[in-house]
Amino acid sequence: ARSVSNISIPANASYAVTYDANGGTGAPSSQTKYNGTALTLSSTKPTRESYDFIGWNTSSTTTTATYQPGGSYTGNAALKLYAIWKKDIVLTYDANDGENPPENQTATIYNATTDATFNISTLEPTRPGFTFKGWSTAPNSTAVEYQPGEEATLSDSTTLYAVWLANECSPFLEITE
């Protein structure tokens, strides 16, 4: 006589892998990860104006990527991935017909950060016959927006132009006796 036994095989456990664009748009759709089987992560990359996508991480505030689009996920657990964003903001100094402008300054911001604070250089450009008054965001401005040593909070790369005042010379020599 044969003995027949019913063997119950459980369905392979599965886990959701979800994506959060973290301030961007175009996050991939959720994927299903099966127990014991590697999952190829979506190769779709989200976008965010003026930021670079550097990859995915399980923290929305970190500055590094643990996972890349098209990479492999082998864990046997649900996973929520956040897009990690990076933006370089450059402060450029233009001597505006003068010489010796300060060196450019660069700040890198990540994720929810939208601006960076710069200390305006205390090095002043030179221009024979002119006095340096400060910095403006317009090349032909006579109005000073920033002084050396001040703080400037910028959300995009910016060029500051030297504002010059011509030195005055009297065309007449007064002779007194």
Side-chain angles (χ1 to χ4, degrees), residues 1-95 101-123 135-139 145-161:
R2 279 192 316 163
S3 163
V4 177
S5 43
N6 289 334
I7 300 173
S8 169
I9 300 174
N12 202 0
S14 64
Y15 313 96
V17 175
T18 58
Y19 299 89
D20 184 317
N22 198 20
T25 57
S29 299
S30 296
Q31 293 179 281
T32 302
K33 160 73 171 80
Y34 292 98
N35 194 62
T37 304
L39 172 70
T40 299
L41 298 172
S42 173
S43 58
T44 300
K45 295 179 184 178
T47 57
R48 182 175 173 191
E49 189 175 342
S50 73
Y51 283 75
D52 295 320
F53 172 73
I54 60 173
W56 301 101
N57 200 311
T58 56
S59 165
S60 64
T61 58
T62 188
T63 59
T64 59
T66 309
Y67 298 95
Q68 289 298 320
S72 183
Y73 173 57
T74 57
N76 291 311
L79 185 67
K80 182 168 186 174
L81 295 174
Y82 296 89
I84 304 304
W85 301 105
K86 174 185 170 192
K87 179 179 179 178
D88 287 332
I89 299 176
V90 180
L91 177 58
T92 303
Y93 296 93
D94 185 319
E103 294 284 323
N104 295 350
Q105 296 170 263
T106 302
T108 302
I109 60 173
Y110 295 91
N111 304 317
T113 305
T114 56
D115 52 37
T117 301
F118 293 86
N119 289 315
I120 303 297
S121 176
T122 55
L123 299 175
W135 299 100
S136 174
T137 55
E145 295 173 62
Y146 298 102
Q147 288 291 346
E150 283 185 348
E151 283 190 350
T153 300
L154 306 173
S155 57
D156 287 302
S157 292
T158 302
T159 299
L160 293 182
Y161 298 90

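- Between Ala38 and Thr74 the shortest heavy-atom distance is CB-CG2, 3.9 Å.
- In this structure, Pro101 and Tyr161 have side chains that are not in contact, with every pair of non-hydrogen atoms separated by 4.5 Å or more.
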- Task: In sequence, state the C-alpha distance, the side-chain angles, and the governing distance for Tyr51 and Asn111, and then conclude on side chain to side chain contact (heavy atoms under 4.5 Å, CB included).
- Result: CA-CA 9 Å; Tyr51 283 75; Asn111 304 317; over 6 Å; no
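- Between Tyr82 and Asn57 there is no side-chain heavy-atom pair separated by less than 4.5 Å.
- Here the OG1-OH distance, from Thr63 to Tyr110, works out to 5.0 Å after rounding to the nearest 0.5 Å.
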- CA sep, side-chain torsions, deciding dist, call: Thr92, Thr158, side chain to side chain contact (heavy atoms under 4.5 Å, CB included): CA-CA 6 Å; Thr92 303; Thr158 302; over 6 Å; no
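- Of the possible polar contacts, one joining the Ser157 side chain to the Val90 backbone as a donor-acceptor pair under 3.5 Å is found.
- Here OG of Ser121 is found 10.5 Å from CG of Asn104. Values are rounded to the nearest 0.5 Å.
- Residues Pro69 and Trp56 are in side-chain contact: their nearest non-hydrogen atoms beyond the backbone lie under 4.5 Å apart.
- Rounding to the nearest 0.5 Å gives a distance of 13.5 Å between OH of Tyr34 and CG of Asn76.
- A side-chain donor-acceptor contact under 3.5 Å links Gln68 to the backbone of Ile54.
- Under a 3.5 Å cut-off, the side chain of Tyr73 and the backbone N or O of Val17 do not form any donor-acceptor pair.
- For Asn35, the side chain to side chain donor-acceptor pair (under 3.5 Å) criterion is met by Tyr15, not counting sequence neighbours.
- At a threshold of 4.5 Å between non-hydrogen side-chain atoms, the residues Leu79 and Leu39 do not count as touching.
- Separating the CG atom in Asp52 from the CD1 atom in Ile84 is a distance of 13.5 Å, to the nearest 0.5 Å.
- Between the side chain of Glu151 and the backbone N or O of Thr117, no donor-acceptor pair lies under 3.5 Å.
- Here the closest non-hydrogen pair linking Thr18 and Ser30 is CG2-OG, 3.2 Å.
- Tyr67 contributes atom OH, which lies 7.0 Å from atom OG1 of Thr58 (distance to the nearest 0.5 angstrom).
- Between the side chain of Lys87 and the backbone N or O of Ser50, no donor-acceptor pair lies under 3.5 Å.
- The two residues Lys33 and Gly75 have their closest heavy-atom pair at CE-O, 2.9 Å.
- Of all heavy-atom pairs between Ile120 and Tyr93, the closest is CA-OH, 3.5 Å.
- Between the Asn22 side chain and the Ser60 main chain, a donor and an acceptor come within less than 3.5 Å of each other.
- Side-chain contact annotation: Glu145 with Thr137, donor-acceptor N/O pair under 3.5 Å present.
- The two residues Asp20 and Ala27 make their nearest non-hydrogen contact at C-CB, 4.3 Å.
- The shortest non-hydrogen separation linking Leu154 to Leu91 is CD1-CD1, 3.8 Å.
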- Given Ile89 and Ile109, is the side chain to side chain contact (heavy atoms under 4.5 Å, CB included) satisfied, shown in steps? CA-CA 8 Å; Ile89 299 176; Ile109 60 173; 3.8 Å; yes
- Task: Any chance you could lay out the side chain to side chain contact (heavy atoms under 4.5 Å, CB included) test for Phe53 and Trp85, step after step, and finish with the verdict?
- Result: CA-CA 5 Å; Phe53 172 73; Trp85 301 105; 3.4 Å; yes
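- Counting heavy atoms from C-beta outward, Thr108 and Lys86 have side chains that approach closer than 4.5 Å.
- In this structure, Gln105 CD and Asn119 CG are separated by 7.5 Å, a value rounded to the nearest 0.5 Å.
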